[in-house]
Amino acid sequence: MFWAMAAGKIDTGGRRYVHELADIESLNRRALAGELEVTAVSLHAYAYLVDRYASIATDPGSSRGRRLLPIRVARSRAVASQCPVS
């Protein structure tokens, strides 16, 4: 999905996304520190973030739809609802 967003193939409603390659532990720590508006986190970390981040909807064919992780999250439900479904 990132390629499609970066290539302008998905309407992001004027939002700009910066792709940062990082391992899931680094993303977990940054989310716990509140540094990221939208990110992927592990299910374990999400248990500690559920009051601060909203889960982003995913397509049933995505990795989350197949019960694999990580999950995508956003700092607010409003942002989560505007993110493209992956």
Side-chain angles (χ1 to χ4, degrees):
M1 181 172 104
F2 173 74
W3 175 85
M5 290 170 57
K9 303 295 183 185
I10 296 175
D11 180 9
T12 61
R15 289 189 169 276
R16 188 176 75 83
Y17 293 89
V18 176
H19 187 233
E20 296 184 33
L21 292 176
D23 61 275
I24 198 66
E25 181 59 25
S26 296
L27 296 174
N28 287 346
R29 290 174 193 261
R30 292 185 68 193
L32 288 164
E35 295 177 17
L36 302 167
E37 186 172 359
V38 176
T39 189
V41 296
S42 69
L43 181 60
H44 179 82
Y46 187 61
Y48 296 93
L49 295 165
V50 71
D51 61 331
R52 293 179 279 164
Y53 281 83
S55 177
I56 296 173
T58 58
D59 182 287
S62 71
S63 61
R64 183 168 173 212
R66 293 188 304 268
R67 301 186 188 277
L68 303 174
L69 301 173
I71 59 173
R72 296 179 344 170
V73 295
R75 278 195 298 198
S76 73
R77 293 197 188 288
V79 170
S81 68
Q82 295 172 8
C83 289
V85 172
S86 64

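Counting begins at 1 with the first residue of the sequence.
Between the CG atom of Leu43 and the OG atom of Ser55 there is a distance of 10.0 Å, given to the nearest 0.5 Å. Distance check: Asn28 CG to Ser42 OG gives 3.5 Å after rounding to the nearest 0.5 Å. Once rounded to the nearest 0.5 Å, the distance linking CG of Leu21 with OG of Ser26 reads 11.5 Å.
Here the closest non-hydrogen pair linking Tyr46 and Tyr53 is OH-O, 3.4 Å. When all heavy atoms of Ala40 and Leu27 are compared, the closest pair comes out as O-CB, 3.3 Å. Here the shortest heavy-atom pairing between Thr39 and Ala31 reads CG2-CB, 4.1 Å.
Contacts of Arg30 classified as side chain to side chain contact (heavy atoms under 4.5 Å, CB included), with partners at least two apart in sequence or in another chain: Glu20, Glu35, Leu36.
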